[in-house]
Amino acid sequence: MSKGISGLFKGTRGFLHALAEDVFDRFMPNGDKNIDFSRLPGSTGIQVKKRLTDKQMTFLTNEYGVEFAQVYERGPGKNGRGGKYTIYSGTVNSVTIPVNRNTVLINHTHPGGTASPSEKDLKLMALIKQAGSPQRTSAIIPIGKETIKFTSKGKKR
Amino acid sequence: MNISEYTYLWTTKKDEFVLVNTEYGYGIVNKKEQTVLSISDEELEKQLINKMLEEGNKVYENILDAYADV
């Protein structure tokens with residue numbers, strides 16, 4: 001689908017409204033509004049205009065069955081304002097994430113529902129710190145459970 | 001669990017994919033794209049890292065050293 005075109009899914013999958021290339025509002029029959037994409041972002045990523053909510057990230061993972069990650073690239077403004085949000089998707093077992101001094105991993109989903117940071121999550125935070133990013137805390141959205149925050153030392157109490 | 005879909009790490013893209021050491025072990029990093037390949041299956045990740053070491057992929061102590069060596 002291209003920008004400017006809206007359309008109906010069959011059955012109960014909702015109504016689409018294009019926001020930008022590859023990005024749609026998806027209006028669900030139960031009244032929820034989710035963000036959806038015309039293609040999986042993959043490691044290339046798809047930029048979104050504003051930060052997705054935990055609920056929107058959960059929707060994407062439930063819809064496609066893979067891990068999604070939300071990254072903020074710090075902008076030139078004070079405290080990194082004026083940057084951009086990009087959504088990445090992986091496979092069931094992996095995701096590729098940009099890591100440099102300007103990137104902040106806002107959150108990522110755990111499709112299997114694991115409600116704690118794994119060693120790979122801690123490793124990722126350690127690499128983010130090595131790269132010079134000011135980020136020290138990130139979040140995991142375990143599907144079906146409450147979001148948790150973590151640092152490179154583990155789950156934040 | 002099949003490492004065959006990741007053979008590019010130590011074959012066609014061997015020059016790009018490196019290992020970077022952290023207090024939690026090695027991370028798989030694409031030093032050209034400045035990205036990290038985060039594998040959630042710990043056993044699969046161990047196999048991939050061991051294979052990369054076996055095949056001679058470069059190893060760095062810090063991600064910035066890897067990024068500078070492009």
Side-chain angles (χ1 to χ4, degrees), chain A residues 41-45 61 65-71 73 86 88-105 107-114 116-133 135 138 140-143 150-154, chain B:
Chain A
S43 58
T44 316
T61 291
V66 297
E67 186 170 325
F68 280 80
Q70 178 162 214
V71 173
E73 187 172 340
T86 306
Y88 298 87
S89 66
T91 64
V92 174
N93 283 327
S94 69
V95 67
T96 295
I97 297 169
V99 170
N100 59 58
R101 58 192 293 271
N102 287 322
T103 57
V104 177
L105 175 62
N107 51 31
H108 69 282
T109 59
H110 276 182
T114 305
S116 59
S118 62
E119 193 167 88
K120 70 110 179 172
D121 294 326
L122 301 177
K123 194 185 300 188
L124 187 53
M125 288 300 288
L127 288 168
I128 286 171
K129 187 178 175 184
Q130 276 188 18
S133 167
Q135 178 181 16
S138 187
I140 292 167
I141 305 169
I143 302 306
F150 71 104
T151 68
S152 65
K153 300 301 176 193
Chain B
M1 182 191 343
N2 189 355
I3 70 169
S4 62
E5 60 189 86
Y6 293 95
T7 56
Y8 63 89
L9 294 174
W10 53 83
T11 58
T12 52
K13 299 240 176 185
K14 185 179 174 183
D15 288 344
E16 293 182 28
F17 283 94
V18 301
L19 296 171
V20 176
N21 203 11
T22 75
E23 60 256 56
Y24 302 104
Y26 290 118
I28 300 172
V29 173
N30 184 319
K31 63 177 183 173
K32 182 183 169 190
E33 302 294 329
Q34 296 193 359
T35 57
V36 172
L37 174 61
S38 183
I39 306 282
S40 53
D41 184 325
E42 287 188 10
E43 191 52 44
L44 174 61
E45 189 189 33
K46 266 186 212 163
Q47 289 192 9
L48 296 178
I49 289 169
N50 286 339
K51 188 65 179 172
M52 289 172 76
L53 287 168
E54 191 181 302
E55 294 295 328
N57 286 69
K58 278 191 174 179
V59 177
Y60 299 86
E61 288 303 308
N62 185 286
I63 201 169
L64 293 178
D65 293 338
Y67 288 172
D69 188 24
V70 171

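Throughout, a chain's letter reflects where its sequence line sits, starting with A, and its residues are numbered from 1. This structure is a prediction, so every number in the text was calculated from the model and none was measured. Computation of the quantities below employed the complete heavy-atom set of this structure, encompassing side-chain atoms and omitting hydrogens, waters and symmetry-equivalent molecules.
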Between B:Glu23 and A:Lys129, is there a side-chain N and carboxylate O pair less than 4.0 Å apart?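 Salt bridge between B:Glu23 and A:Lys129, a charged N being under 4.0 Å from a carboxylate O: no.
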Proximal component of [X], with respect to chain A [non-hydrogen, under 4.5 Å]:
X	result
B:Gln34	both
B:Asn30	neither
B:Tyr26	backbone

So, for [X] and [Y], which heavy atoms are closest and what is the spacing to 0.1 Å?
X	Y	answer
A:Thr91	B:Tyr6	OG1-OH, 4.3 Å
A:Pro98	B:Thr35	CA-CG2, 3.8 Å
B:Glu61	A:Gln130	O-NE2, 3.8 Å

Just how far is it from atom [atom1] of [X] to atom [atom2] of [Y], taken to the nearest 0.5 Å?
X	Y	atom1	atom2	value
A:Lys120	B:Glu45	NZ	CD	9.0 Å
A:Glu119	B:Lys46	CD	NZ	8.0 Å
B:Ile39	A:Ser118	CD1	OG	11.5 Å
A:Leu124	B:Tyr24	CG	OH	12.0 Å

I need the single residue from B:Ile28, B:Asn62, B:Thr22 that forms a side-chain contact (heavy atoms from CB on, under 4.5 Å) with A:Leu127. Which is it?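 Testing A:Leu127 for a side-chain contact (heavy atoms from CB on, under 4.5 Å) against B:Ile28, B:Asn62, B:Thr22 leaves exactly one candidate, B:Thr22.
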CG (B:Asn50) with more than 12 external heavy atoms under 6.0 Å: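 Count over threshold, so yes.
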When you look at NZ of B:Lys13, are more than 12 heavy atoms from neighbouring residues, nucleotides or ligands closer to it than 6.0 Å?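 Check fails, neighbour count at 12 or below.
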Only pairs of heavy atoms separated by less than 4.5 Å count here; which of A:Thr103, A:Thr114, A:Leu122 has the most with chain B?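 Ranked by contacts with chain B, first place is A:Leu122.
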